[in-house]
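Note: hydrogens, waters and symmetry copies are ignored here, and every other heavy atom, side chains too, is used.
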Amino acid sequence: MADALSVVPAAVLRNLADKLYEKRKNAALEVEGIVKQLAANGEHDKITAVINLLTTEFTYSPQANHRKGGLIGLAAATVGLTTDAAQHLEEIVPPVLNSFSDQDSRVRYYACEALYNIAKVVRGDFIIFFNQIFDVLCKLSADSDANVQSAAHLLDRLVKDIVTESDQFSIEEFIPLLRERMNVLNPYVRQFLVGWITVLDSVPDIDMLGFLPDFLDGLFNMLSDSSHEIRQQADSALSEFLQEIKNSPSVDYGRMAEILVQRAGSPDEFTRLTAITWINEFVKLGGDQLVPYYADILGAILPCISDKEEKIRVVACETNEELRAIKADPTESFDVGAILSISRRQLSSEWEATRIEALHWISTLLNRHRTEVLAFLNDIFESLLKALSDPSDEVVLVVLDVHACIAKDPQHFHQLVVFLVQNFQLDNSLLEKRGALIIRRLCVLLNAERVYRELSTILEGESDSDFASIMVQALNLILLTSSELSEIRYLLKQSLVNPAGKDLYIALYASWCHSPMAIISLCFIAQTYQHASVVIQSLVEEDINPKFLVQLDKLIHLLETPIFAYLRLQQSAAFKILKTRLKAVPSYSFNGMQSKRVPSGDSYQFLHHMSNGSQIIEDGDLAKDGGSSNNGINFDARLQQFQQMQHLHRMHFKAQTKSLNNSTPLPKGYKNPTLMRFLVAQSMDPDKAAKMFVQWQKWRASLVPNGFISESEVVDELETRKVFLQDLSQDKYPVMLIQTNKHFPAEDQNQFKKFVVYLLDKTIASAFKGREIGNEKLIGVIDLQSISYRNIDARGLITGFQFLQAYYPERLAKCYILHMPWFFVSVWRLVSRFLEKATLEKIVIVSNEDERKEFIREVGEEVLPEEYGGRAKLVAIQDVEVTPMENGPTN
């Protein structure tokens, strides 16, 4: 300190701390001259003393003017040192860098100016401080003072020039700092970072491409920045890197692939498009390097195939095809199981195109790596079966192709048919909606006769006779009407002359016994008319029930179709004319043909002896001389088989009826209309209706132990006054109206469930006239006008409709949805998946003027509030008084 004071005059030191800039500047020039003289004399100890003086007494001073003077002095000292400055940088630069965090913006400005002058002097020697300088520049780029930002920008340009011309810059030491800073969200800092990445990438000696995985994610993150300029700069940098990748022989695709996969799922469209474009190029260029990442890449591509942005869809589809075209070997890190897992997961996607491509991938793997795929069959089989219930026919067709590919082996074929029957049994709607499509497609893919024989074998031993009957009726209808099964029909027509036809007839007969109409149809196809007559005569009076009559009606309609045209020939005028004319022809004119009646049991058959020795029986049977006219078919045994099966069905029906009467007696106050609602809801199946009734009783006892929900239990939901109860509609149904813009998703789900019960109970009870009959219904009106995203409650909607389906069967007469906004369409699509067909058919989305008029007409102007085109006033449900019931709770 003493050496410095002896070298630097007190007046200079005093002016260096002056508040006037001119005095500080002149003092700095004095310091420059002093240091220059000391350097010329080689007195570096004194120079060090001067630098220490400027540092401790000035740059670290609590006085702002002292700090400013110290910074100017250090810059002047560096200028004075010129070529000798490098050996003193360790003493000069740290206090300057420290000043960048000064609270006084003017001090920060002078720090920028000082460092700029220092850098101009030392140039390349400056590189040893690069990371620290980069760090402070990064912070100053977002400085609150515009002058400081401007000064930092000038300093930044100089540092860039120094780095680009230096051979001492270490990219390895810099990358960790860059990677850390890439997550900053400040727009000024982001511009600063992209600028540096671009500059460093332009330097031939700096391999930024090799370190691209370290900051690639940060660049992609900037693509979704709110600033257009930043997005543009990031995109430009990424485009340049992608071009370099195309031209580079050695690239680390693996690490970058992981980043791209994540970014392909970004909510930002531009980010997704850029990521999927990169993935597309990687698939083309990456080769074997990408094999371990195929599953992850596929997981990113499949959702993008259904993207709302067309450009993304196009690139994703192209990438998908490129990826599928690559034939990798499982021994080369190609994970079949991982790809199957991704495909299976995407089968539950809400987008049809994605589900279809997922299935195509499973099909591709089956064709290329069948053994490996079958090893994972248990993991994917259930998902493939669920896909058969997909709402899209195209998806169902593709999944059937996959099933057919799996079922090439006998054991897998049997497993497929067994699981298919089980799924039809568990999900009646699957059989109803998709049964024909599934069976017909499998018949095309796997041989129709083989499929029908296997189904018949399984159904023959089916213990659930109701299901077996329904399934056989469905199979019979397909057999009669589908063009894909024409060969089977032709073969069955040969049952009396062809061994193969006979075997098929007998194979189907065993299970067709579950349905009288199916057996009769089978006999008609096989032209065993006399046996059909015997079967019809064997039906006893107790077989004639509503189900039987429905099936009979269907059969009569089928007889009018082209498939049975040959049965109706004798009804035509042409036949009658032909018959009349043939009667006029002498019998000897039929060369070699003789006619005679032959006994056949208790009746007679009319035989025509042909010249070739064959006999044509009137009912269509054909036989050879001396042989059996039935081609070895034991019709007595077949009849006995049919009668035994029908006896089992009658016993099963009686047992069901008895079980329903004994196990689920109606509580006091419940009459037949109540039970009828449960029967209708379960398609008149007594067993299922009984189970549903018992489940309802248990649910009611658990959730509504007092028999009703009091208003005190749902006060939070009622206080919003969002539900209104109007008078009775034209059809005498109470009208409940919900204004959803007053509704918010419930935090207490149990209270919300009680609120739903309160609403439904009170609405239904408003239709009572002192006593519940059991068949009362209601009309619901859901008004979506003026709703926002905060009002959307898919879970609440699903709960309400599921309660109606499970615990209030056949209570809903109609539900009108008004003013549905565009953003609610996807919500409704989700909710609809949880609704049964019968419920969906009762829901009307009012979307035009004609539908609005029909809505007003059906509900009634006297009932509808003025806001909805009526003449009534809105009445909150809690303000409505309901006459107490004389008997029984509501359901």
Side-chain angles (χ1 to χ4, degrees), residues 175 178-179 182-183 190 193-194 197 201 208-225 230-309 311-326 328 333-335 338-339 341-343 345-346 349 354 357-358 361:
I175 287 298
L178 177 63
R179 182 173 58 239
M182 290 299 288
N183 294 321
R190 284 185 162 183
L193 294 171
V194 176
I197 290 171
D201 187 48
M208 285 294 282
L209 186 60
F211 295 95
L212 181 57
D214 291 286
F215 55 87
L216 180 65
D217 189 60
L219 281 175
F220 267 94
N221 201 28
M222 294 180 191
L223 291 176
S224 58
D225 196 278
I230 294 174
R231 292 198 303 272
Q232 197 171 40
Q233 288 179 349
D235 181 49
S236 177
L238 286 168
S239 298
E240 185 63 32
F241 277 119
L242 185 57
Q243 190 59 43
E244 290 178 31
I245 289 172
K246 294 179 182 178
N247 299 328
S248 176
S250 177
V251 178
D252 183 4
Y253 291 100
R255 286 179 60 197
M256 288 189 284
E258 295 177 359
I259 296 169
L260 296 175
V261 165
Q262 295 294 324
R263 289 297 169 182
S266 169
D268 179 69
E269 286 184 11
F270 188 46
T271 303
R272 290 200 307 277
L273 177 60
T274 307
I276 205 71
T277 302
W278 273 62
I279 291 175
N280 179 269
E281 294 296 337
F282 274 30
V283 170
K284 295 176 182 177
L285 303 170
D288 295 341
Q289 282 193 50
L290 288 177
V291 171
Y293 303 95
Y294 273 11
D296 294 333
I297 292 174
L298 182 63
I301 293 172
L302 289 178
C304 290
I305 287 174
S306 303
D307 199 279
K308 61 183 178 181
E309 177 62 41
K311 291 180 181 178
I312 297 175
R313 293 198 303 270
V314 170
V315 179
C317 289
E318 179 186 336
T319 308
N320 184 55
E321 294 304 320
E322 292 278 354
L323 191 64
R324 190 154 49 209
I326 300 173
S333 303
F334 182 71
D335 193 341
I339 294 181
S341 179
I342 291 292
S343 301
R345 205 157 50 237
Q346 292 300 329
S349 168
T354 295
E357 285 306 318
W361 267 98

Practice item. Quick one: do D307 and I276 satisfy side-chain contact (heavy atoms from CB on, under 4.5 Å)? Show the steps, please. Key: CA-CA 11 Å; D307 199 279; I276 205 71; over 6 Å; no

**Study point:** Heavy atoms from other residues, nucleotides or ligands near NZ of K311 exceed 12 (cutoff 6.0 Å)
**Key:** no

Practice item. Dump the intermediate steps for side-chain contact (heavy atoms from CB on, under 4.5 Å) on F282 and L260, then the final yes or no. Key: CA-CA 10 Å; F282 274 30; L260 296 175; 3.6 Å; yes

Review point. Is any side-chain heavy atom of I245 less than 4.5 Å from a side-chain heavy atom of M256?
Key: yes

Specify the closest pair of heavy atoms between [X] and [Y], including all atoms of both residues, with the distance to one decimal.
{"X": "D225", "Y": "R231", "answer": "O-NH1, 2.6 Å"}
{"X": "S306", "Y": "T354", "answer": "OG-OG1, 2.6 Å"}
{"X": "V194", "Y": "L219", "answer": "CG2-CD2, 4.2 Å"}
{"X": "L323", "Y": "V283", "answer": "N-CG1, 3.8 Å"}
{"X": "P267", "Y": "R272", "answer": "O-NH1, 3.1 Å"}
{"X": "A264", "Y": "C304", "answer": "O-SG, 3.6 Å"}

**Study point:** Step-by-step side-chain contact (heavy atoms from CB on, under 4.5 Å) determination, R345 to I342
**Key:** CA-CA 5 Å; R345 205 157 50 237; I342 291 292; 2.7 Å; yes

Side chain of [X], backbone of [Y]: donor and acceptor closer than 3.5 Å?
{"X": "T274", "Y": "F270", "result": "yes"}
{"X": "S224", "Y": "N221", "result": "yes"}
{"X": "S248", "Y": "E244", "result": "no"}

Check your understanding: Using 4.0 Å as the upper bound for N to carboxylate O, is an ion pair formed by D214 and R255?
Key -> yes

Can you tell me how far apart [atom1] ([X]) and [atom2] ([Y]) are? Round to the nearest 0.5 Å.
{"X": "L298", "Y": "E357", "atom1": "CG", "atom2": "CD", "result": "9.5 Å"}
{"X": "L302", "Y": "I297", "atom1": "CG", "atom2": "CD1", "result": "12.0 Å"}
{"X": "L238", "Y": "W278", "atom1": "CG", "atom2": "CH2", "result": "5.5 Å"}
{"X": "L178", "Y": "I197", "atom1": "CG", "atom2": "CD1", "result": "5.0 Å"}
{"X": "N280", "Y": "L285", "atom1": "CG", "atom2": "CG", "result": "9.0 Å"}
{"X": "L216", "Y": "F211", "atom1": "CG", "atom2": "CZ", "result": "15.0 Å"}

Exercise for review: For D217 and Q262, run side-chain contact (heavy atoms from CB on, under 4.5 Å): C-alpha distance rounded to whole Å, both residues' side-chain angles, the deciding distance at 0.1 Å, then the answer.
Suggested key: CA-CA 9 Å; D217 189 60; Q262 295 294 324; 5.5 Å; no

**Study point:** For E318, the option from R324, K284, R313 that meets salt bridge (charged side-chain N to carboxylate O under 4.0 Å, His left out)
**Key:** K284

